[in-house]
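For reference, the structure is listed below as C-alpha cells.
Bear in mind the structure is a predicted one, so any value in this text is a computation, not a measurement. Counting starts at 1 for both ligands and their atoms, following the listed order.
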Amino acid sequence: MRVPGDKSISHRSLILGAMAVGETRISGLLEGEDVLRTAAAMAALGAQVERTGEGAWQVHGRGVGGWAEPETVLDFGNSGTGVRLAMGAVATTPITCTFVGDASLSRRPMGRVLDPLRLFGTEAMGREGGRLPITLRGARNPGPVTYASPVASAQVKSAILLAGLAAPGRTTVIEREATRDHTERMLRAFGATVTTESHEDGIAVSVTGDAELKAAAIAVPADPSSAAFPLAAALLAAESAVTVTGVLMNPTRAGLYQTLQEMGADLTIANARDEGGEPVADLTARSSALKGIEVPPERAPSMIDEYPILAAIAAIAEGRTVMRGLKELRVKESDRIAAMARGLAACGVKVTELEDGLIVEGRGPGGVPGGATIATEMDHRIAMSFLCLGLGAQREITVDDSAFIATSFPGFSDLMTGLGAGLVRTNR
Ligand code: S3P
C-alpha cells in the first residue's frame, strides 16, 4: 500500500511555491485538511494555487516579499505547522494579517515564533500567553536575525528562515538538537543559499536574505508519520504483514523505525533510494513479539509525532518501555502525554505519567483488555493510535471523534479496513 504525502513537506511546497517566481508543480501533495488550509492561505496572500489532479497542484508564486494583504483572517484550522510557517513567511513583508485556528490550535503557544519574529521588526499582538488569534504587521525594513531557539522545533526554525528570505544579510538559527530539515532542503531546491554548520551550542542553520526563489518541481514522498499506523497495526495484530512503499526516510524523521527494531520488530527496510532530494524506502512490518525498551531521549526530535503510536505499541510489548525528553508533547494538538496516559489506563494498561514522558508496563501480545472509549481531544494521532491498539486488544476500543483524522490521513479508515481491520463507524 501507499499512504498519503508527507504533511511537513506538503505545507512547505505550497509556501515556498507561493514565495517563488514562476510555476511550482507539486505531485503527491497531502490533501488533508491541514494542508488545504495552507493552500487557501497562500491564495488569500495573492498566490495562484490550483489543483490539477489527485495530489497534483500548481502554484504561481508572488516572489519573496511580494505578498498581497489578505482581505480577511487566515484560518489554519488544527495546524500548528501551517500557522507558524505562514507567520514567518509574511513577517518581513509590510502587510497586516490576522491568524486564527480551531480550539486546539488556539490553545497552543505561538510566543516561540513571535519572539524571534519581533527581532526582524515585525509587530505582533495576540491573546494572553501568545495565543491565537494573532495579528502581525510585517516589518518594512527588516534586518537579519541570529537566534538560538530555546525549544527543539522545526516550526520555529522554519518560521525564522522564511522570514530571513526578505531581510538583507544572513539570518541564522542555532538549534541544540537537529530537527527535521525539510525547509533547508527545499529552500536549496528553490535556489536559496542555505548552510548548516556545527556550532558550540549545537547546529547553526543560515539563509542568505534578499533571496530570489525560483519555482521548482516537488514530488512529495509518503509520510512516515502516517505509515507508522498501518505498520504498527501489522506488528500488533496476529498473522499480519503490511508493506508501505515510498516512505520518507529522512534521518530527522525515522527515529520510530530504529526504535521498533530495537524492540524486536520484524521490520524490513528495502529499496532505499532518493526521490526529489529526500531518501525514501519500502517498509514491511510483520506480527512481532516485542519487548519493552528505554528510548534514548535524544532521539525524540526524530520521532516526536510517533510517541502516541509507540505508547500503544509498548502496551502490547513484553515488559517496560520508558519514554523521556518529551516535554514538547504537552503542546501538540493535545497534551499527548496526558491523553495517552489516560487512554492506556482506561484500556487496562499500567502507565506512569512523567512531567516529560511516559512509562508503559507492556502486557504482552493479547494482554491488553481494551473495552474503553477514548477521548480524542481534537488530536488525529491520538485517534489513530487507539484504533490501532484496538486491533491487538481483547475487547474493542472506541474513539469518541474520528473527524480529526482527516487533518493528516484522509482515507485512513478505508485503508485500514482494506487491510482487514475491523473498524466500525457509529453515529453518536
Ligand atoms: C513539524 C514540526 C514538529 C512536528 C509537527 C510538524 C514541521 O513540530 O511535531 O507535526 O513540519 O515542522 P515542532 O516544530 O513544534 O516540534
Side-chain angles (χ1 to χ4, degrees), residues 4-16 29-30 32-35 37-38 76-89 101 104-105 107-117 130 147 149-162 173 175-187 203 205 218 220-221 223-229 248 250 252-256 278 297-310 325-337 339 356 378-382 384-385 404-405 407-409:
D6 185 66
K7 183 149 71 75
S8 294
I9 294 180
S10 293
H11 283 295
R12 286 158 171 80
S13 65
L14 291 166
I15 295 172
L16 291 190
L29 188 87
L30 165 62
E33 285 168 14
D34 279 10
V35 174
R37 298 278 185 173
T38 292
F76 283 89
N78 195 247
S79 178
T81 307
V83 78
R84 293 192 179 114
L85 268 57
M87 287 199 274
S104 156
L105 191 57
R107 281 192 286 271
R108 297 178 66 185
M110 298 296 150
R112 53 182 55 200
V113 179
L114 301 184
D115 290 346
L117 294 183
Y147 188 74
S149 180
V151 282
S153 164
Q155 294 176 2
V156 171
K157 172 177 65 177
S158 301
I160 298 167
L161 295 176
L162 295 178
V173 184
E175 47 177 9
R176 236 170 288 155
E177 297 152 285
T179 61
R180 64 192 69 192
D181 61 354
H182 310 304
T183 302
E184 296 91 304
R185 287 174 185 249
M186 206 183 286
L187 277 172
I203 302 157
V205 184
I218 303 289
V220 183
D223 194 327
S225 303
S226 296
F229 297 106
L248 174 69
N250 179 314
T252 63
R253 296 287 300 281
L256 174 72
E278 293 274 6
E298 62 276 11
R299 197 178 289 163
S302 70
M303 54 179 291
I304 193 66
D305 293 335
E306 280 63 80
Y307 284 94
I309 187 63
L310 178 63
L326 309 180
K327 251 171 69 190
E328 277 294 300
L329 283 199
R330 296 211 179 263
V331 292
K332 296 293 178 189
E333 286 82 332
S334 69
D335 175 343
R336 287 182 173 161
I337 295 179
D356 73 334
M378 304 181 80
D379 191 328
H380 53 135
R381 298 200 204 282
I382 299 298
M384 289 185 278
S385 298
F404 286 89
I405 293 173
T407 61
S408 71
F409 199 158

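Using a distance-only test at 3.5 Å, with no hydrogens or angles considered, a donor-acceptor pair links the side chain of S104 to the main chain of E333. Remark: the backbone N or O of I309 is paired with a side-chain donor or acceptor of S385 at under 3.5 angstrom. Between the D34 side chain and the S408 main chain, no donor and acceptor come within less than 3.5 Å of each other. Looking at D181, its side chain never comes within 3.5 Å of a backbone N or O of E184 through a donor-acceptor pair. Of the possible polar contacts, one joining the D356 side chain to the G325 backbone as a donor-acceptor pair under 3.5 Å is found.
The closest approach between a heavy atom of K332 and any atom of ligand 1 is below 4.0 Å. Under the 4.0 angstrom criterion for non-hydrogen atoms, A152 is in contact with ligand 1.
The protein atom (non-hydrogen) at minimum distance from atom 12 (O) of ligand 1 is R12 NH2, 2.7 Å. What sits closest to atom 6 (C) of ligand 1 on the protein, heavy atoms only, is T81 OG1, 3.3 Å. Atom 14 (O) of ligand 1 has its closest protein heavy atom at S153 OG, 2.6 Å. Looking only at heavy atoms of the protein, atom 1 (C) of ligand 1 is closest to Q155 NE2, 3.5 Å. Given atom 10 (O) of ligand 1, the protein heavy atom at minimum distance is D305 OD2, 2.7 Å.
Partner of V35 under the side-chain contact (heavy atoms from CB on, under 4.5 Å) criterion, chosen from L14, V220, T81, T407: L14.
In summary, the atoms of ligand 1 found under 4.0 Å from a heavy atom of A154, numbered by their order in the structure, are 12 (O), 14 (O). Atom numbering of ligand 1 starts at 1 in the shown order; those under 4.0 Å from a heavy atom of I304 are 9 (O).
Contact annotation: for R180 versus ligand 1, heavy atoms closer than 4.0 Å belong to the side chain alone.
Residues S158 and A154 approach most closely at OG-O, 2.6 Å, considering heavy atoms.
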